[in-house]
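Every chain is numbered from 1, with letters handed out A, B, ... down the list of sequences.
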2 protein chains.
Amino acid sequence: MIVQSATCKDAQMPSPSPHSRPVRVLLVEDHDMVAEAICLALERSPGLRIVGRAASVASALADARRTEPDVVLMDRRLPDGDGVAAIADLLALVPNVRVLVLAGEGSGSVAARVAEAGGAGLILKARGLSELEDAVRRVAQGELVFSQDLLGDVLGRLAGRTSGLGANLTPREREALALLGQGRTTAEISEQLGVALNTGRNHVQRVLEKLGARSQLEAVTIARREGLLA
Amino acid sequence: MIVQSATCKDAQMPSPSPHSRPVRVLLVEDHDMVAEAICLALERSPGLRIVGRAASVASALADARRTEPDVVLMDRRLPDGDGVAAIADLLALVPNVRVLVLAGEGSGSVAARVAEAGGAGLILKARGLSELEDAVRRVAQGELVFSQDLLGDVLGRLAGRTSGLGANLTPREREALALLGQGRTTAEISEQLGVALNTGRNHVQRVLEKLGARSQLEAVTIARREGLLA
DNA sequence: CCGCCACTAGTGCATATTCACTAGTGCGCA
DNA sequence: TGCGCACTAGTGAATATGCACTAGTGGCGG
């Protein structure tokens with residue numbers, strides 16, 4: 001849709017606190033309605049300031065370079081890619097930025113991948129605005145913010161154990177999984193990848209093994225649950 | 001982009017003037033963060049009043065009976081079921097309520113099913129708060145609100161054409177599809193439905209036919225795209 | 001330089017799915 | 001009362017998957 005909301009910019013600035021400058025936030029969310037609403041909410045929150053809004057990974061990168069925010073608050077699923085995958089690019093562009101990922105539903109392995117990619121935290125949309133504000137402030141101060149139930153996975157993963165299901169998928173396997181998620185057959189996947197039928201079949205087979213799935217259908221279900229598919 | 005005017009006879013509208021009485025809105029949305037934020041936004045809007053919030057189909061029905069709202073603004077996907085399927089129950093409970101469905105992504109057939117179920121409209125989350133406010137006011141006045149690109153499907157469907165893919169699925173076929181969407185095999189589906197293997201197989205087969213899918217995987221993909229799966 | 005790993009390609013076989021049929025039963029509607 | 005439809009159950013054959021292997025090639029790091 002159009003325009004950068006005047007709504008965000010014209011909200012009155014809270015008087016700056018004596019001991020801290022406002023946290024500059026870049027909001028990346030593809031659903032305008034939700035973006036505007038969260039924008040409104042965060043602008044009401046003292047000490048937070050929305051300095052930009054983006055609706056895609058591409059424009060998020062551009063905006064991040066332009067505005068150099070303290071915190072990027074980014075939806076996990078975006079039209080042109082995975083928010084988690086974009087963390088590395090953001091960090092490369094703006095080294096000290098804290099990336100807080102916003103997820104509709106999350107399991108431990110999503111959180112683990114966020115942590116591994118250098119993200120500052122993950123918060124669920126089920127969590128309430130006050131917790132969101134709190135999380136933004138915490139990550140701005142350098143804390144890692146993951147909800148209690150996901151912490152075990154995050155720590156285990158950072159310690160090197162393989163608790164996250166899909167992290168050890170190879171690029172080809174990821175491609176195969178993505179095509180599976182679009183409903184393609186093994187033959188179509190092989191063609192798409194430009195390899196022999198048997199090769200594509202092997203990639204798919206290894207995806208099933210690594211995900212612990214007993215059918216392609218289950219693999220897609222698991223992958224979707226674990227956030228491996230946009 | 002909206003509009004489709006007054007096909008409904010608004011005989012029982014208590015106040016003809018929109019200024020005299022606020023539109024009472026029940027918000028049904030499972031993500032607390034989004035619900036709170038939208039709540040905030042709509043409360044700012046003159047003439048709209050949030051009289052309740054629910055996070056599930058079950059509590060939506062309870063709240064609707066208790067608060068008797070003018071408009072139910074309901075997310076399409078809820079933890080305990082499909083928002084579209086809940087429209088009929090809502091109308092049975094509160095006959096004159098207008099149900100406006102909120103969808104993240106939508107195709108024509110979703111809109112068609114909303115219209116067919118007696119819903120007052122469908123608005124995409126990509127659409128912006130001002131359009132949401134506008135849509136709520138319009139449905140409160142008896143208009144049907146569907147965005148332009150979905151209108152063709154809606155009208156076609158109301159005229160009897162079979163543009164909606166999944167609407168003619170039988171209950172058993174729907175169950176089979178739901179289980180497919182959870183990654184179950186044909187055998188597991190048959191067991192779950194309490195029928196013979198061949199019967200379950202037939203149900204699945206007919207789902208594939210009706211959805212035009214060439215594999216179970218593709219069927220699930222199509223179903224998800226068309227909004228037939230939560 | 002050697003080993004590890006991803007990618008590639010293949011074989012063989014058991015099982016599952018796809019597809020095209022027939023057919024009995026029960027329910028609701030004209 | 002009869003017709004249509006959903007649900008049930010089955011057969012049989014072609015195709016696709018799931019599973020367990022072997023193996024060659026190329027890149028990258030110890």
For A:I189 and D:dT17, give me the distance from atom CD1 to atom C1', rounded to whole Å. 12 Å
What is the separation between atom CG on A:L179 and atom P on D:dA16, rounded to the nearest whole Å? 17 Å
From CD of B:E188 across to P of C:dT15 the rounded distance in Å is 16 Å
What does the B/S/- profile of nucleotides 24-30 of chain D look like, 5' to 3', with a 4.0 Å heavy-atom cutoff to protein? -------
May I ask you to say whether A:R206 pairs ionically with A:E209, meaning some side-chain N is under 4.0 Å from a carboxylate O? no
Residues B:S215 and A:Q216: side-chain donor-acceptor under 3.5 angstrom: no
N/O donor to acceptor pairs below 3.5 angstrom from side-chain atoms of residues 53-65 of chain B, sequence neighbours left out:
unit_1	atom_1	unit_2	atom_2	d
B:S56	OG	B:S59	N	3.2
B:S56	OG	B:S59	OG	2.8
B:S59	OG	B:S56	N	3.4
B:S59	OG	B:S56	O	3.4
B:D63	OD1	B:R66	NH2	3.1

Rounded to whole angstrom units, what separation is found between the CZ atom of A:R184 and the P atom of D:dT17? 13 Å
Just how far, in rounded Å, is P of D:dA16 from CD of A:E191? 13 Å
Should A:D134 and A:R127 count as an ion pair when the cut-off is N to O under 4.0 Å? no
Any B:Q205 side-chain nitrogen or oxygen under 4.0 Å from OP1 or OP2 of C:dA20: no
In whole Å, what is the span from the CG atom of A:L217 to the C1' atom of D:dT17? 12 Å
With 3.5 Å as the limit, what N/O pairs link the protein to nucleotides 5-12 of chain C?
unit_1	atom_1	unit_2	atom_2	d
C:dC7	OP1	A:R172	N	3.2
C:dC7	OP2	A:T170	OG1	2.2
C:dT8	OP1	A:R172	NE	3.2
C:dT8	OP1	A:R172	NH2	2.7
C:dT8	OP2	A:R172	NE	3.1
C:dT8	OP2	A:H203	NE2	2.6
C:dT8	O4	A:R206	NH2	3.4
C:dA9	OP2	A:A196	N	2.7
C:dA9	OP2	A:T199	OG1	3.0
C:dA9	O5'	A:T199	OG1	3.3
C:dA9	N7	A:N202	ND2	3.3
C:dA9	N6	A:N202	ND2	2.8
C:dG10	O6	A:N202	OD1	3.3
C:dG10	O6	A:N202	ND2	3.4

Do B:T221 and B:E218 have a side chain donor and acceptor closer than 3.5 Å? no
Between P on C:dA16 and CG on B:L208, what's the gap in Å once rounded to a whole number? 17 Å
Between A:R214 and B:E188, is there a salt bridge with N-O shorter than 4.0 Å? yes
Mind calculating the distance between CZ (A:R214) and C1' (C:dT17) to the nearest angstrom? 16 Å
So for atom CZ, which belongs to A:R77, do other residues, nucleotides or ligands contribute more than 12 heavy atoms lying within a distance under 6.0 Å? no
Is a side-chain donor or acceptor of A:R184 paired with a backbone partner of B:L217 at a separation under 3.5 angstrom? no
Any base atoms under 4.0 Å from B:E209, or only sugar-phosphate, or nothing? Heavy atoms, all strands. nothing
For D:dT17 and A:T186 - does any side-chain N or O of the residue sit under 4.0 Å from the phosphate oxygens OP1/OP2? yes
Main-chain N/O of B:L193 paired with B:R172 side-chain donor or acceptor, under 3.5 Å: yes
